[in-house]
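Everything below concerns the one structure shown next.
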There are 2 protein chains.
Amino acid sequence: MMRNANTVNIKSQGDYHHGDLRAAALALGLKKLAEQAVPELGLRGLARELGVSATALYRHFASKDALLDALAEEGIRQLGEFQKRAAEAAGGGRPSFQATGEAYVKWAVGNPALFALTFARKIRSDLSTQAGGDNEAFRQLQAGISSVHPELEQGKSRAFAALHAWSLVHGLSHLILAGQIDNDPETIRAVVSGTFGLDRETGGGRA
Amino acid sequence: MMRNANTVNIKSQGDYHHGDLRAAALALGLKKLAEQAVPELGLRGLARELGVSATALYRHFASKDALLDALAEEGIRQLGEFQKRAAEAAGGGRPSFQATGEAYVKWAVGNPALFALTFARKIRSDLSTQAGGDNEAFRQLQAGISSVHPELEQGKSRAFAALHAWSLVHGLSHLILAGQIDNDPETIRAVVSGTFGLDRETGGGRA
DNA sequence: GCATCATGTTAGCACTGTAAACATTACGAG
DNA sequence: CTCGTAATGTTTACAGTGCTAACATGATGC
């Protein structure tokens, strides 16, 4: 069979070689993940859409898992950036921290498949004795904590506070995606903002 | 080919019929899930271990998905019961609520595959306008909230408080299972107990 | 005792990820 | 420029999957 006609090469001068298959595969992978809710990337289907034989991908990824890992890495990157923008837009301080948390949830809900993928496989990163690893998302979190609770310079308390906040938004994301909690902006805001009306002295803040 | 020799029937008097294949399949499924960390139940492999042909399972489950759904249901049941016992052991009040939360995380960490399965597929339950559905696990949560914050009889505030607590333990579970947070009892206690050291009046929970 | 239904069986389909062997192109050294 | 080699693609094949269809067996009620 001759070359598939619907080959959409990036640089389509030649025919046999693709140009930059690795990049193309990652790009298409992200697109497919964005379109569907369940992370069901098929190696063969992917290759078909790339106008390339299935096994060609093995020249660029050791296995399907390796490909997914690469996509997952792109996932945390996007998440981190999204949070960063949200934090900046909110100006700083406590509102910025709240915005960071909401951004986490909103990104997750808006990118279900990529979110699932990203956290299904353990994010590579020598997490240097420090939980959370070296990704931007976690860095945003730490910054937010420091901003809201400057009295906690470092140490366990700050770490625990960070893990607490992370767990909260992470769990909320998962539960919404699992259909357990309504995907409602007000709900998200309320849950992220804390026990909400329960604490008498902090004024309904994150805490 | 005659009947496979290693048939381990529950009631092995006859030969062709199994006795109670449905129950046996569920039991073995749970066992396999308990043994491995990743939920990779194979229909064929399962049948092989049951000493039965792969398609026999289709007499009892409409599809692999249906089988997994049944296992998932058993999952929430176990989780709920585990929480209930923990709550009772703690005596009641706030310590009981804290214990419920810790139990959630500990069960999840102790049963990774079943936990993942349970929440991967949306738990059936006509969630009657009330988020959370009708499972025992969520009921424990509501009870805990009521116990700790009796001033919230019903309404949105209590619902949000429940979702908050649920999100927290759920997220913590996932992050531990993803290898992002250490599976350390002290960490779990601290994160579950709240901002921990931040709130000045609760004394850092029962930690 | 016999029809019927529940429950098991085998054969086969379309699909998957992946390995092995082969083909084509790009590229750097003589 | 030529030519060997490495990079990148191809076809073929294998073992595995969930699932359907057609058939066999055993239990059950008239």
Side-chain angles (χ1 to χ4, degrees), chain A residues 1-29 32-33 36 38-72 117 120-121, chain B residues 1-29 32-33 36 38-72 117 120-121:
Chain A
M1 188 229 270
M2 69 175 51
R3 297 276 293 136
N4 199 329
N6 56 4
T7 305
V8 210
N9 290 348
I10 305 272
K11 39 195 307 197
S12 65
Q13 71 254 36
D15 214 357
Y16 196 94
H17 281 68
H18 181 222
D20 193 349
L21 183 56
R22 183 187 160 95
L26 289 177
L28 182 62
K32 298 297 275 183
L33 283 181
Q36 63 198 356
V38 184
E40 286 285 331
L41 260 280
L43 219 46
R44 287 172 122 107
L46 232 177
R48 204 175 306 129
E49 284 198 52
L50 284 165
V52 116
S53 92
T55 54
L57 293 170
Y58 282 85
R59 297 294 169 196
H60 302 274
F61 304 94
S63 66
K64 181 188 182 183
D65 245 50
L67 201 171
L68 294 183
D69 278 346
L71 289 173
L117 198 70
R121 34 207 72 246
Chain B
M1 185 230 272
M2 69 174 52
R3 299 275 294 134
N4 200 331
N6 56 5
T7 305
V8 210
N9 290 348
I10 305 269
K11 39 195 308 195
S12 64
Q13 69 252 39
D15 214 356
Y16 196 94
H17 280 69
H18 182 228
D20 192 350
L21 183 56
R22 183 187 160 95
L26 289 178
L28 182 62
K32 298 298 276 184
L33 283 181
Q36 61 198 358
V38 184
E40 285 287 330
L41 260 281
L43 219 46
R44 287 171 122 107
L46 232 176
R48 204 175 306 126
E49 284 200 53
L50 284 166
V52 117
S53 93
T55 53
L57 292 170
Y58 282 86
R59 297 293 170 196
H60 302 275
F61 303 96
S63 66
K64 181 187 181 183
D65 245 49
L67 201 171
L68 294 183
D69 278 346
L71 289 173
L117 198 69
R121 38 208 68 247

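Side-chain atoms are counted along with the backbone in the values below, which use heavy atoms only and exclude waters and symmetry mates. On a predicted model such as this, the values are computed, not experimentally measured, just so you know. First the proteins, then the strands, lettered A, B, ... as listed; each starts at 1.
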Distance in Å, A:Leu67 CG paired with A:His60 NE2, rounded so as to fall on 0.5 Å steps:
10.5 Å

Whole angstrom is fine here: how far is it from CZ in B:Arg59 over to P in D:dC23?
13 Å

Whole-Å distance separating the CG atom of A:Leu46 from the C1' atom of C:dT16:
14 Å

Gap separating the CG atom of A:Asp69 from the NZ atom of A:Lys64, nearest 0.5 angstrom
12.0 Å

List, with names and distances, any nitrogen or oxygen atoms from the protein found under 3.5 Å away from nitrogen or oxygen atoms belonging to nucleotides 16-19 of chain D.
unit_1	atom_1	unit_2	atom_2	d
D:dG18	OP1	B:Leu43	N	2.9
D:dG18	OP1	B:Lys64	NZ	3.1
D:dG18	OP2	B:Leu43	N	3.1
D:dG18	OP2	B:Arg44	N	3.2
D:dG18	N7	B:Arg44	NH1	2.3
D:dG18	O6	B:Arg44	NH1	3.0
D:dC19	OP2	B:Tyr58	OH	2.6
D:dC19	OP2	B:Lys64	N	2.7
D:dC19	O5'	B:Tyr58	OH	2.9

Whether B:Lys32 side chain and B:Gly42 backbone form a donor-acceptor pair below 3.5 Å:
no

Starting at atom CG of B:Leu50, determine the distance to atom P of C:dT9, rounded to an integer number of angstrom.
10 Å

Whole-Å gap separating P (C:dA19) and CZ (A:Phe61)
16 Å

Whole-Å gap separating C1' (D:dT10) and CG (A:Leu21)
13 Å

Would you say B:Leu41 and B:Gln36 make side-chain contact, with heavy atoms under 4.5 Å?
yes

Could you give the CZ-to-C1' distance, from B:Arg22 to C:dG8, as a whole number of Å?
17 Å

Whole-Å distance between C:dA6 P and B:Leu57 CG?
18 Å

Please report the interatomic distance CG(A:Leu28) to CD(A:Glu49), rounded to the nearest 0.5 Å.
5.0 Å

Is the shortest side-chain N/O distance from A:His60 to OP1 or OP2 of D:dG9 below 4.0 Å?
yes

So do the side chains of A:Tyr58 and A:Leu43 get within less than 4.5 Å of each other, counting heavy atoms only?
yes

